[in-house]
Amino acid sequence: MIRRTSSFKTISIGTLCSFLLAGTAWADAVADYKEHCASCHGEDRLGGVGPALIPETLKRMRGPRVASVIAEGRGATQMPAFSRELDALQIEELAGWLKSPLETNPVWGEAEIMASRTLDEDYASVDAPIWSSDPMNITLVVETGDHHVSVLDGDTFEVLDRFETPFAVHGGPKFSPDGRYVFIMSRDGWVQKYDIWALKQVGRVRAGVNSRNIAMSGDGKWVAIANYLPNSLTLLSTDDLSVAKVIDIKSKKGKPSRVSAVYQAPPRESFVLALKDVPEIWEVFYGDNPPQSGLGHDFRIEGQFKNPDPFPVRKITTPDYLDDFFFDQSYEYVMGASRDGKGGQVIDLVIGQKVADLDLPGMPHLGSGITWKHGDTTVMATPHLTDGTVSVIDMESWETVKRIKTEGPGFFMRSHENSPYVWADVFFGPNKDAMHVIDKNTLEIVKTLRPAPGKTVAHVEFTKDGSHALVSIWEDDGAVIVYDAQTLEEVRRLPMRKPSGKYNVWNKITFSEGTSH
Ligand code: DHE
C-alpha cells in the first residue's frame, strides 16, 4: 500500500525514487490529473486554458520545478497552488507522469488547426495608425515574465500598448513586409496575429502542438510554423490565419523528423527548414516559379509535375545533422552548426551541396549571428553556447578570422549599419551580468557594461537609425535599458517583466545586417 505523507516538504528523495522506480505510480497520477488538471490543461495533456503538460513543453520552461509549480502555483498565471488538495507524494507522482512522453504522437492536421482558430470579433481594421509615432521605428519587447508584449515608440520610448500573448513565446516575432502586422508564436504552437496600427489582436490559431519558431514569406502571404509535435511544417495564410498546407516531414528514405527551425529566404522565394532527426535540409517554395530539376544531382522537387503543388518541396542531403543556421545576405549559402558542437558546414543552396567546412568548436549559436563589412570582405560573428568565445568568420574564404575571448558563453549578438560596435551578451555562468561591446574594426572588446550586477543582462536591439541600443535586464522585475549607442551611456531605464527579445520594425523588415533574420 502506498503511504501518503502529509507535508510536501517531508518526503525523502529515497522513498520517492523507490516509489517511482516501482513503476506503480502512473495510475494514481492519471486519476489526479483527471480530477485536478484536465479541465485547464486538456484531457489529453495537450493544453487548453493552460499550457500543454508534455515533456517537450515542460523541458523548455525555465523557472521552478514542475512539482513546485503544482504545489505552489505559478505567479502571473492562472495556475493555482495544489498543496492543500494533493500531498507531497501525489505531487511528485503527477510531476513524474507529466514528464513522461505521450504514448503516440498527437494528430494535429488541418481540421484540428482550423478548429482552434479564433478571429477577434471586436477587431476592426483601420486606414492608418491610431498613434502618431514613426511606424518604422516601433520596437516590440517580449516580456516573458507575465506573457505580454510592449509596443514601444522608438523615438520617445513611450509604451503605446501592452498586450497579452500566448503562454511561453519563443523566437522572434515576424512582421509583415510593410511592418503593420506581427505574428508571434508560443512553444505550444499558438500563433497570434496583432495589428500594430490598430493596437489590437486580430486572432489566434494553434498551428502545432509543440513548435519551434515561425517565418514570414518574402511576399507576406504565408507564415510557416516549424513543429516538433507533430512532425510537420504548417503553412498559414497571413490574411486570416487559415491553413494553406500542412506538410508531413519524412526524409527521402521515409524517416519522420522534427523540424528544428524554419527560416525565410526571400530572394529564393522559399522557406528553408532545419531538420532535427535526419541529415537533410529542406526548401519549401511558395513563389510562382520554383526552380526546375537538373540543378544538381541531389535536387528533387516532389509533386510538382504529377500534381501541381503551390508549395513544392526540395530535399537536400547533407553530410551531417545540421539544425542551427545562418544565411549570407544573398541567401545562397547556409552555414549550419554540427550536432556534436565541433564544427559546421556551408551548404550552397543553388547547387544543393556542401562547399566548405567551418572551424567552429564550442557549439556556436549561428541563429544569433550577424554580419558586417570588414576591410574588403564581409565577416560573420557568432557567440558560442558552451565556451566564452565569439567566433568571427570571413564569409568569402569561410576561414575563422578571430576568436574573441569573452567572460562566458553568450546567446545573442546585435549591431547596426550605423554603429561602430557589436554587442554580445554573456548569458551563462557567473558573469551573466556582463555585456561586451566589440569594435567592428579591431575586433577587440572596448567596453564591458554591467548595468545590474548579479542579474542576467542579455539581448540587444537597435532603434531604426542605430542611435540607441536597447538591452534587457532578463529578470522578472527587470527592465529595458536604453543606451546611447555612440557614447555607451545609459539614457533611460524602462521597467519590464523579464524582457527577452526586442524587435525593431525597420531593422527586421529591411533585413538589417546587424540583426538575426
Ligand atoms: Fe531560442 C530564437 C532555438 C533556447 C530565447 N531560438 C531562436 C531561434 C531558434 C532557437 C532556432 C531562431 C528562431 C527565430 O527567431 O525565428 N532556443 C533554441 C534552442 O534550440 C534552444 C537552445 C533550446 C530550446 O529550448 O529550444 C533555445 N531560446 C532558448 C532559451 O532558453 C531562451 C533564452 C529563453 C526562452 O524564451 O526559451 C531563448 N530564442 C530566444 C529568443 C529568440 C530565440 C529571445 C529570438 C532572438 C532574436 O533576437 O531574434
Side-chain angles (χ1 to χ4, degrees), residues 51 55-63 139-145 147 149 165-175 182-189 191 210-216 223-229 233 258-265 271-276 321-327 334 336-337 339 341 363-370 382-386 409-416 423-428 432 456-462 469-472 474-475 478 480 496-504 507-508 511-512 514-517:
E56 290 81 356
T57 307
L58 295 171
K59 263 194 296 209
R60 300 301 176 203
M61 281 187 196
R62 305 295 178 269
T139 296
L140 301 188
V141 183
V142 175
E143 294 181 68
T144 52
H147 313 284
V149 162
T165 66
F167 183 83
V169 166
H170 179 241
K174 299 291 147 54
F175 295 102
V182 66
F183 296 80
I184 298 169
M185 188 214 76
S186 75
R187 290 201 185 251
D188 272 353
V191 176
N210 185 257
S211 305
R212 300 288 300 163
N213 78 322
I214 54 175
M216 167 74 55
V223 62
I225 298 92
N227 300 319
Y228 265 7
L229 275 182
L233 181 86
R258 294 167 288 175
V259 186
S260 290
V262 56
Y263 303 87
Q264 55 195 333
F271 294 111
V272 181
L273 277 60
L275 303 187
K276 185 81 179 166
Y321 292 84
L322 301 173
D323 56 11
D324 184 20
F325 285 175
F326 185 81
F327 295 85
V334 50
R339 179 77 50 85
M363 193 75 91
H365 192 220
L366 295 179
S368 300
I370 56 165
T382 173
H384 291 199
L385 294 171
T386 56
F411 216 99
F412 302 109
M413 295 185 70
R414 278 286 205 279
S415 186
H416 189 280
W423 297 55
D425 61 31
V426 176
F427 200 82
F428 306 97
K432 62 183 185 179
T456 305
V457 173
H459 198 279
V460 181
E461 176 61 301
F462 283 78
L470 279 60
V471 173
S472 291
W474 195 296
E475 305 281 343
V480 164
M496 300 261 173
R497 299 283 303 271
K498 205 173 193 183
S500 56
K502 300 163 294 298
Y503 309 89
N504 177 272
N507 295 339
K508 287 293 176 189
F511 295 87
S512 161
T515 185
S516 51
H517 298 161

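Counting convention: from 1, in listed order, for ligands and their atoms alike. Keep in mind that this is a model prediction, so the values were computed, not measured.
Listed by number with element, the atoms of ligand 1 under 4.0 angstrom from any heavy atom of I214 are 16 (O). When each atom of ligand 1 is checked for a heavy atom of K174 under 4.0 Å away, the hits are 14 (C), 15 (O), 16 (O). For ligand 1 and F427, the ligand atoms under 4.0 Å from any heavy atom of the residue are 33 (C). Within ligand 1, the atoms closer than 4.0 Å to a non-hydrogen atom of A261 are 11 (C), numbered from 1 in the order shown.
In this structure, K59 does not count as a contact residue of ligand 1, since none of its heavy atoms falls inside 4.0 Å of the ligand. By the 4.0 Å heavy-atom criterion, T515 is excluded from the residues contacting ligand 1. Residue R187 places a heavy atom less than 4.0 Å from ligand 1.
With atom 34 (C) of ligand 1 as the reference point, the heavy atom nearest to it among Y503, F325, F411, W474 is part of W474. Distances from atom 40 (C) of ligand 1 to the heavy atoms of Y263, F428, F412 put F412 nearest. Evaluated by nearest non-hydrogen atom to atom 48 (O) of ligand 1, the leading choice among R212, E461, H459 is H459.
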- Message: Run N507 and T515 through side chain to side chain donor-acceptor pair (under 3.5 Å) and show every step you take.
- Response: CA-CA 7 Å; N507 295 339; T515 185; over 6 Å; no
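Side chains of T57 and D188: a donor on one and an acceptor on the other come within 3.5 Å.
Checked by distance only, ligand 1 and G172 come closer than 3.5 Å through their nitrogen or oxygen atoms. Of the N or O atoms in R414, one or more lie within a sub-3.5 Å distance of an N or O in ligand 1. Below 3.5 Å of separation, one finds an N or O of N213 facing an N or O of ligand 1.
Shown are F411, F428, F427; of these, the ring pair (Phe, Tyr, Trp, His ring centres under 6.0 Å) with W474 is made only by F427.
One finds the NZ atom of K174 at 5.5 Å from the CG atom of N213 (value rounded to the nearest 0.5 Å). For the atom pair CZ (F175) and CE (M216), the distance works out to 10.0 Å, reported to the nearest 0.5 Å. Atom CD1 of I214 sits about 6.5 Å away from atom CD1 of I225, to the nearest 0.5 Å. The structure places NZ of K502 at 9.5 Å from OG1 of T139, a figure rounded to the nearest 0.5 Å.
Residue L385 does not touch ligand 1, judged by heavy-atom distances below 4.0 Å.
The existence of a salt bridge linking R414 and E461 is confirmed by a sub-4.0 Å separation between a basic side-chain nitrogen and an acidic carboxylate oxygen.
Of all the N, O or S atoms in H170, the one closest to atom 1 (Fe) of ligand 1 is NE2.
The closest donor-acceptor contact from the side chain of H365 to the backbone of F412 lies at 3.5 Å or more, if one exists at all.
Side-chain atoms of M413 and W423, non-hydrogen and from C-beta on, never get closer than 4.5 Å to each other.
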